[in-house]
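The block underneath contains the structure these notes are about, expressed in structure tokens.
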Amino acid sequence: MIKALIFDVDGTLADTERDGHRIAFNRAFADAGLDWNWTVEVYHDLLKVTGGKERMRYFLEKYPVDEPDTDDLAGYIADLHKAKTAHYTKLLSEGHIPLRPGVERLLNEARQRKLRLAIATTTTPENVTALLENTLGKESIDWFEVIAAGDIVPAKKPAPDIFNWALEKMGLSPDEVIAFEDSRNGILSVHAANIEKLVITVNGYTAEDDFSGATLILDQLGDEAAPASVISGPELKGDFVTLDDILAL
Ligand code: XBP
Ligand code: MG
């Protein structure tokens with residue numbers, strides 16, 4: 001019996017990476033006088049690593065750029081990341097990043113039918129709050145019983161920790177939830193947490209990812225104005241994903 005829906009944020013609730021996080025990173029780098037520039041293409045590679053601080057470290061290790069002039073690299077990266085978060089939340093407050101089609105509709109359907117809602121993401125908690133506030137309104141934070149985000153767990157996705165944390169807080173077992181994700185790291189995390197039911201909505205960065213084992217893969221949840229296409233899994237009853245489609249999985 002399904003009792004809750006657990007949503008990833010970046011790429012799933014909204015297409016935040018290319019025109020949100022990436023831009024915010026680049027603005028923080030420019031402010032700090034760094035000549036790092038994460039192009040759309042480079043960022044695709046960098047998305048292999050979840051977590052902004054972890055991603056910057058990976059960039060420094062893998063790309064031929066000068067190390068910043070500091071004897072406290074962890075502190076330097078943490079400060080840079082704070083600046084990036086400020087830029088990112090500002091972008092959200094300017095209304096540049098909408099929710100993906102069907103997200104608001106499905107959340108409302110779930111609330112009406114008394115399903116419990118949670119979030120499991122690697123992004124910083126402030127970013128989740130800012131996205132929800134600026135798209136669904138301030139009160140929408142309370143729609144989610146648990147917001148599991150960022151550094152509250154030691155290991156980010158693809159580790160299962162963030163989903164395990166959310167399940168534990170809700171007192172639910174993996175077979176009582178359905179997860180929503182958009183990426184390879186997401187599916188690995190969900191499966192490692194023993195959650196079997198998983199809906200994937202792909203996006204520009206993740207369309208070619210390996211999603212073997214996902215229950216349903218779509219281009220989007222969809223709406224009347226923007227119908228969904230099933231990439232793999234059971235056909236939908238109508239033109240977009242309804243809660244009945246989800247509960248029938
Ligand atoms: C999201 C991420 C995050 C964001 C940046 O992955 O990897 O790192 O890109 O957020 P997922 P922060 O959707 O799988 O949770 O800079 O706040 O870490
Ligand atoms: Mg994601």
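Order of appearance sets the numbers: ligands from 1, and atoms from 1 within every ligand.
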| query | So does Arg57 pair up with Glu61, basic N to acidic O under 4.0 Å? | reply | no
| Tell me, which protein N/O/S atoms are under 2.8 Å away from the Mg ion (ligand 2)? | Asp8 OD2, Asp10 O, Asp182 OD1
| query | Would you say Thr50 has any N or O atom under 3.5 Å from an N or O of ligand 1, going by distance alone? | reply | no
| request: Considering heavy atoms of the protein only, find what lies nearest to atom 12 (P) of ligand 1 and give residue, atom and distance to 0.1 Å. | output: His81 NE2, 3.3 Å
| For ligand 1, which atoms, with element, lie under 4.0 Å from some heavy atom of Tyr43? | 9 (O)
| message | Regarding Asp244 and Arg113, does a basic nitrogen lie under 4.0 Å from an acidic carboxylate oxygen? | response | yes
| query | Quick check: does Thr85 get an N/O under 3.5 Å from an N/O on ligand 1? | reply | no
| field | Ligand-residue contact atoms, ligand 1 with Lys157, heavy atoms, under 4.0 Å | value | 11 (P), 14 (O), 15 (O)
| request: Would you confirm whether the ring centroid of Phe25 sits within less than 6.0 angstrom of the ring centroid of Trp36? | output: no
| query | Excluding sequence neighbours, so at least two apart, what forms salt bridge (Lys or Arg N to Asp or Glu O under 4.0 Å) with Asp219? | reply | none
| note | Quick look: Asp8 vs ligand 1, heavy-atom contacts under 4.0 Å, and the answer is side chain
| Looking at ligand 1, does any of its N/O atoms fall within less than 3.5 Å of an N/O of Gly52? | yes
| Same cluster or not: are Tyr43 and Leu34 linked, directly or through other Ile, Leu, Val, Met, Phe, Trp or Tyr residues, by side-chain heavy atoms under 4.5 angstrom apart? | yes
| task | Give the contacting part of Arg55 toward ligand 1: side chain, backbone, both or neither, where contact means a heavy-atom distance below 4.0 Å. | result | side chain
| query | Taking only heavy atoms of Thr123, which atoms of ligand 1 are found under 4.0 Å from at least one of them? | reply | 5 (C), 10 (O), 12 (P), 17 (O)
| note | Note: Asn127, heavy atoms under 4.0 Å from ligand 1, region reported as side chain
